[in-house]
Amino acid sequence: QVQLVESGGGLVQPGGSLRLSCVASGRDFSSYIMAWYRQAPGKEREWVAGISAVGIAGTSDSVRGRFSMSRDSDKNTVYLQMNNLMPEDTAVYYCKGNNRGLIVWGQGTQVTVSS
């Protein structure tokens, strides 16, 4: 069974960039639909981006043009490249895997955008 570990979060200034990574352990990672979600304090968890097993990716309207998701099956890793970060992007970012209804979440990584 897959386990997910996120990394790459931190404190950045507005306009800066970060790349989040989510490393999967276990078998059958390549068959998982992967996604990134984020949750700010007091707000609902929000879908940010997703990618299929064959690498077809999409993003939410709020981040489109600034964020992009990719996967590297050889490294069992998915990424979220975040550019032109804004204070409203501040949240805990979570990696999610979905294998035909079997859901697994990572522990989250904090992203703070502030001057």
Side-chain angles (χ1 to χ4, degrees):
Q1 186 166 104
V2 167
Q3 295 181 347
L4 305 175
V5 179
E6 303 99 328
S7 63
L11 174 64
V12 296
Q13 297 185 73
S17 296
L18 285 173
R19 188 179 73 161
L20 306 184
S21 299
C22 174
V23 179
S25 62
R27 62 185 63 185
D28 298 327
F29 167 76
S30 62
S31 69
Y32 277 69
I33 299 170
M34 302 298 296
W36 287 96
Y37 287 73
R38 65 186 183 185
Q39 188 166 24
K43 301 182 70 174
E44 296 293 316
R45 188 168 295 188
E46 173 191 17
W47 178 81
V48 174
I51 192 164
S52 75
V54 296
I56 306 301
T59 56
S60 68
D61 290 345
S62 62
V63 306
R64 192 166 299 121
R66 300 187 298 118
F67 293 8
S68 61
M69 188 175 181
S70 61
R71 70 190 299 161
D72 186 337
S73 295
D74 291 338
K75 297 181 178 179
N76 284 358
T77 302
V78 297
Y79 304 94
L80 184 67
Q81 179 66 49
M82 304 185 294
N83 299 322
N84 193 24
L85 284 160
M86 304 175 181
E88 52 264 44
D89 296 319
T90 296
V92 177
Y93 284 71
Y94 296 93
C95 183
K96 175 189 174 184
N98 182 349
N99 184 13
R100 289 170 288 191
L102 176 62
I103 306 298
V104 61
W105 290 91
Q107 83 288 350
T109 185
Q110 177 71 47
V111 173
T112 302
V113 185
S114 177
S115 59

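Quick note: numbers below take in every heavy atom, side chains included, and nothing from hydrogens, waters or symmetry partners. For this chain, numbers begin at 1 and follow the sequence in order. Quick caveat, the model's predicted, so the values are computed rather than measured.
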Trainee: Examine distances only and state if a side-chain atom of W105 and a backbone atom of Q107 form a donor-acceptor pair shorter than 3.5 Å.
Mentor: no

Trainee: Which distance, rounded to the nearest 0.5 Å, do you find between the CZ of F29 and the CZ of R71?
Mentor: 4.5 Å

Trainee: So which of Y32, Y37, W47 actually passes side chain to side chain contact (heavy atoms under 4.5 Å, CB included) with K96?
Mentor: Y37

Trainee: When rounded to the nearest 0.5 angstrom, what distance separates OG in S68 from CG in L80?
Mentor: 7.0 Å

Trainee: Only one of Q39, R38, E6, Q110 forms a side chain to side chain donor-acceptor pair (under 3.5 Å) with Y93, so which one is it?
Mentor: R38

Trainee: Can you pull out every disulfide bond (SG atoms under 2.5 Å apart) where at least one residue sits in residues 23-77? Sequence neighbours excluded, please.
Mentor: none

Trainee: Please determine whether residues V2 and L102 belong to a single hydrophobic cluster, defined as Ile, Leu, Val, Met, Phe, Trp and Tyr linked transitively by side-chain heavy-atom distances below 4.5 Å.
Mentor: yes

Trainee: Could you tell me whether the side chain of D89 reaches within less than 4.5 Å of the side chain of M82, counting heavy atoms only?
Mentor: no

Trainee: To the closest 0.5 Å, what do you measure between OG (S52) and CG (N98)?
Mentor: 12.0 Å

Trainee: With rounding to the nearest 0.5 Å, note down the distance linking CD in E46 to CH2 in W36.
Mentor: 14.5 Å

Trainee: Write out all pairs satisfying disulfide bond (SG atoms under 2.5 Å apart) with one or both partners inside residues 12-115, taking only residues at least two apart or from two chains.
Mentor: C22-C95

Trainee: Take atom CD of Q3 as the centre, draw a 6.0 Å sphere, and report whether it contains more than 12 heavy atoms from other residues, nucleotides or ligands.
Mentor: no

Trainee: Transitively linked via ILVMFWY side-chain contacts under 4.5 Å: L20 with V23?
Mentor: no

Trainee: For V113, does its backbone N or O pair with a side-chain atom of T90 as donor and acceptor, under 3.5 Å?
Mentor: yes

Trainee: Are the side chain of S30 and the backbone N or O of S73 linked by a donor-acceptor pair below 3.5 Å?
Mentor: no

Trainee: Test of understanding: clusters of I, L, V, M, F, W, Y form through side-chain heavy atoms closer than 4.5 Å, transitively. Do V63 and Y79 belong to the same one?
Mentor: no

Trainee: Taking all non-hydrogen atoms of both residues into account, name the closest pair between N83 and S17 and its distance.
Mentor: OD1-OG, 2.9 Å

Trainee: Do L18 and F67 come close enough that some side-chain heavy atom pair is under 4.5 Å?
Mentor: no

Trainee: Mind listing the closest non-hydrogen atom pair of P14 and S115 along with its distance?
Mentor: CD-N, 3.7 Å

Trainee: Heavy atoms only: give me the nearest S31-N99 pair and the separation to one decimal.
Mentor: OG-OD1, 3.7 Å

Trainee: Do the side chains of V104 and I51 join up, straight or via other hydrophobic residues, at under 4.5 Å, putting them in one cluster?
Mentor: yes

Trainee: Identify the two heavy atoms, one from A24 and one from L4, that lie closest to each other, and give their separation to 0.1 Å.
Mentor: CB-CD2, 3.7 Å

Trainee: Take L11 and S114, measure what side chain to side chain contact (heavy atoms under 4.5 Å, CB included) needs, and give me the verdict at the end.
Mentor: CA-CA 7 Å; L11 174 64; S114 177; 4.2 Å; yes

Trainee: Is there a path from M34 to I103 through hydrophobic residues (I, L, V, M, F, W, Y) whose side chains come within less than 4.5 Å of each other?
Mentor: no

Trainee: Looking only at non-hydrogen atoms, find the nearest pair between A49 and T59 and report the distance.
Mentor: CB-CG2, 3.9 Å

Trainee: Around atom CD of E88, are there more than 12 heavy atoms of other residues, nucleotides or ligands at under 6.0 Å?
Mentor: yes

